[in-house]
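Report on one structure; see the data block that follows.
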2 protein chains.
Amino acid sequence: MQVSEFSQLTGVSSHTLRYYEKIGLLKNVRRNASGHRDYAEKDLAWMAFIQRLKATGMSLDNIQRYSEYREQGDVSLVARKQLLEVHKSQLESYIQSQQSHLAALQDKINHYHQQIND
Amino acid sequence: MQVSEFSQLTGVSSHTLRYYEKIGLLKNVRRNASGHRDYAEKDLAWMAFIQRLKATGMSLDNIQRYSEYREQGDVSLVARKQLLEVHKSQLESYIQSQQSHLAALQDKINHYHQQIND
DNA sequence: GATTGACTTAGAGTTTACTCGAAGTCGTAA
DNA sequence: TTACGACTTCGAGTAAACTCTAAGTCAATC
């Protein structure tokens with residue numbers, strides 16, 4: 001599929017897709033006879049994972065590191081697993097901190113509620 | 001207290017403190033005879049709340065809006081409460097999404113685990 | 001009276017992650 | 001055969017949130 005369809009399916013603009021390729025997140029994107037990008041099914045899955053990593057606060061820089069590992073094939077399985085484990089534990093403590101922020105917000109809201117008496 | 005101590009206590013650099021004042025997050029900071037900032041206890045509490053809002057993903061722009069309300073006094077209590085309630089519900093769904101990302105990461109890690117057989 | 005250290009302002013520079021624009025190529029449809 | 005739409009590259013521009021620099025002031029200390 002070409003860029004417009006891929007963009008549609010992933011929700012990422014064609015500009016951003018080219019940018020991601022330039023900085024090494026997407027690699028080895030196929031080209032058709034006239035030099036246009038021709039994305040494969042597996043690019044969709046990888047792009048979805050990129051989006052997940054990004055949504056959990058991983059920098060494009062780190063995602064790029066993971067992308068490098070991916071390219072190296074099976075020799076990097078352990079490294080990739082470790083990278084994800086570190087990221088996962090960071091995410092866990094991040095979620096915990098967000099939960100305590102949430103509780104503090106609720107307290108503040110309750111406080112306003114008392115002051116307002118509505 | 002002056003800027004260096006306030007910076008120490010809040011963990012925010014003096015540059016950033018001045019920046020926050022410039023964009024209207026911190027307002028009416030007292031000055032001493034020689035024109036130096038002289039932060040009060042209540043500035044500490046407000047700064048802590050700014051940091052909490054920021055940590056939960058609120059933009060400085062929105063925090064500034066809240067800061068305006070604060071300055072208006074009691075007439076804005078309802079507005080402030082509403083702003084926090086909106087933010088709180090956004091935070092709740094954000095935490096939920098992070099939790100589902102976390103589960104997906106665990107799945108991926110398990111998958112690597114199987115492949116590695118360690 | 002000179003030096004030091006902490007402050008002041010205004011404005012320029014940095015980082016991350018896009019986002020856009022210009023100029024050009026290619027295949028199809030009128 | 002020319003017009004179109006979708007693509008291409010390269011490089012410049014943008015937004016948010018800092019971060020730093022330069023030049024200057026002021027109080028205290030040597």
Side-chain angles (χ1 to χ4, degrees), chain A residues 1-40 43-44 46-68 87 90-91 94 101, chain B residues 1-40 43-44 46-68 87 90-91 94 101:
Chain A
M1 83 199 74
Q2 54 180 44
V3 72
S4 61
E5 189 186 353
F6 192 74
S7 165
Q8 187 89 76
L9 290 173
T10 59
V12 175
S13 81
S14 53
H15 283 301
T16 301
L17 288 173
R18 289 185 202 107
Y19 169 66
Y20 279 6
E21 200 174 328
K22 185 162 76 178
I23 65 172
L25 298 194
L26 290 165
K27 284 166 185 286
N28 311 314
V29 176
R30 222 186 313 150
R31 300 292 181 125
N32 68 14
S34 39
H36 291 194
R37 284 170 186 79
D38 178 24
Y39 295 94
D43 294 324
L44 275 179
W46 170 228
M47 192 61 213
F49 196 61
I50 288 176
Q51 289 180 94
R52 193 187 292 284
L53 292 176
K54 213 176 88 61
T56 51
M58 189 181 284
S59 69
L60 298 190
D61 230 65
N62 273 327
I63 300 175
Q64 197 275 333
R65 222 149 284 150
Y66 185 86
S67 167
E68 298 271 89
H87 186 56
Q90 285 171 352
L91 183 56
Y94 178 68
H101 288 316
Chain B
M1 83 200 75
Q2 55 180 45
V3 73
S4 61
E5 190 186 353
F6 192 74
S7 165
Q8 187 89 75
L9 290 174
T10 58
V12 175
S13 81
S14 53
H15 284 301
T16 302
L17 287 173
R18 286 189 272 265
Y19 169 65
Y20 279 6
E21 199 174 329
K22 187 162 77 180
I23 64 172
L25 298 195
L26 290 163
K27 285 168 185 285
N28 311 315
V29 175
R30 223 186 313 150
R31 299 293 180 125
N32 68 15
S34 39
H36 292 195
R37 284 169 185 81
D38 178 24
Y39 295 94
D43 294 323
L44 275 179
W46 170 227
M47 192 61 212
F49 195 61
I50 288 176
Q51 288 180 92
R52 194 188 292 286
L53 292 176
K54 213 177 88 62
T56 51
M58 189 181 283
S59 69
L60 298 190
D61 230 65
N62 272 328
I63 299 176
Q64 197 275 332
R65 221 149 287 149
Y66 185 85
S67 166
E68 298 272 90
H87 186 56
Q90 284 170 353
L91 183 57
Y94 178 68
H101 287 316

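Throughout, a chain's letter reflects where its sequence line sits, starting with A, and its residues are numbered from 1.
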Residues within residues 27-39 of chain A bordering DNA chain D, heavy-atom distance below 4.0 Å: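 Listed by number, they are A:R31, A:G35, A:H36, A:R37.
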For DNA chain D, the residues among residues 9-25 of chain B that have a non-hydrogen atom under 4.0 Å from it: B:H15, B:T16, B:Y19, B:Y20
Scan the side chains in residues 56-63 of chain A for donor-acceptor partners under 3.5 Å anywhere in the protein, sequence neighbours excluded, and list what turns up.
unit_1: A:T56; atom_1: OG1; unit_2: A:R52; atom_2: O; d: 3.1
unit_1: A:T56; atom_1: OG1; unit_2: A:L53; atom_2: O; d: 2.8
unit_1: A:T56; atom_1: OG1; unit_2: A:H87; atom_2: NE2; d: 2.8
unit_1: A:S59; atom_1: OG; unit_2: A:N62; atom_2: N; d: 3.2
unit_1: A:D61; atom_1: OD2; unit_2: A:R65; atom_2: NH2; d: 2.8
unit_1: A:N62; atom_1: OD1; unit_2: A:R65; atom_2: NH1; d: 2.8

Inter-end axis angle, the helix from C:dG1-D:dC30 to C:dA30-D:dT1, with every axis fitted to five base pairs (rounded, 10 degrees): 30°
Side-chain heavy atoms of B:K54 within contact of B:Y20, under 4.5 Å: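 Yes, their side chains come closer than 4.5 Å.
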Pairwise distance CG(B:L9) to CE(B:M1) - rounded to 0.5 angstrom: 6.0 Å
Interatomic distance, A:S14 atom OG to A:Q2 atom CD [nearest 0.5 angstrom]: 11.0 Å
Nucleic acid contacts - residues 47-61 of chain A versus DNA chain C, non-hydrogen atoms under 4.0 Å: A:K54, A:S59, A:L60
Residues which pass side chain to side chain contact (heavy atoms under 4.5 Å, CB included) with B:Q51, listed by chain and number, not counting sequence neighbours: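 Counting only residues at least two positions away or on another chain, B:Q51 forms a side chain to side chain contact (heavy atoms under 4.5 Å, CB included) with B:T10, B:V12, B:M47.
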Counterpart residues, ring pair (Phe, Tyr, Trp, His ring centres under 6.0 Å), relative to B:F6 (two or more places apart): B:Y39
Listed partners of A:Y66 passing ring pair (Phe, Tyr, Trp, His ring centres under 6.0 Å), at least two apart: A:W46, A:F49
Test side chain to side chain donor-acceptor pair (under 3.5 Å) applied to B:S13 - qualifying residues, sequence neighbours left out: B:T16
Identify each donor-acceptor pair in which a side-chain atom of residues 21-33 of chain B lies under 3.5 Å from a protein atom, sequence neighbours left out, and give them as a table.
unit_1: B:E21; atom_1: OE1; unit_2: B:R37; atom_2: NE; d: 2.6
unit_1: B:K27; atom_1: NZ; unit_2: B:E68; atom_2: OE1; d: 2.7
unit_1: B:R30; atom_1: NH1; unit_2: B:D38; atom_2: OD2; d: 3.1
unit_1: B:R31; atom_1: NH1; unit_2: B:G35; atom_2: O; d: 2.8
unit_1: B:N32; atom_1: OD1; unit_2: B:S34; atom_2: N; d: 3.0
unit_1: B:N32; atom_1: OD1; unit_2: B:S34; atom_2: OG; d: 3.2
unit_1: B:N32; atom_1: OD1; unit_2: B:G35; atom_2: N; d: 3.2
unit_1: B:N32; atom_1: OD1; unit_2: B:H36; atom_2: N; d: 3.0

Boundaries of the chain A footprint along DNA chain C (any atom under 4.0 Å from a heavy atom): C:dA17 to C:dG27
First and last nucleotide of DNA chain D, 5' to 3', lying under 4.0 Å from heavy atoms of chain A: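 Taking any atom under 4.0 Å from a heavy atom of chain A, the span is D:dA6 to D:dT9.
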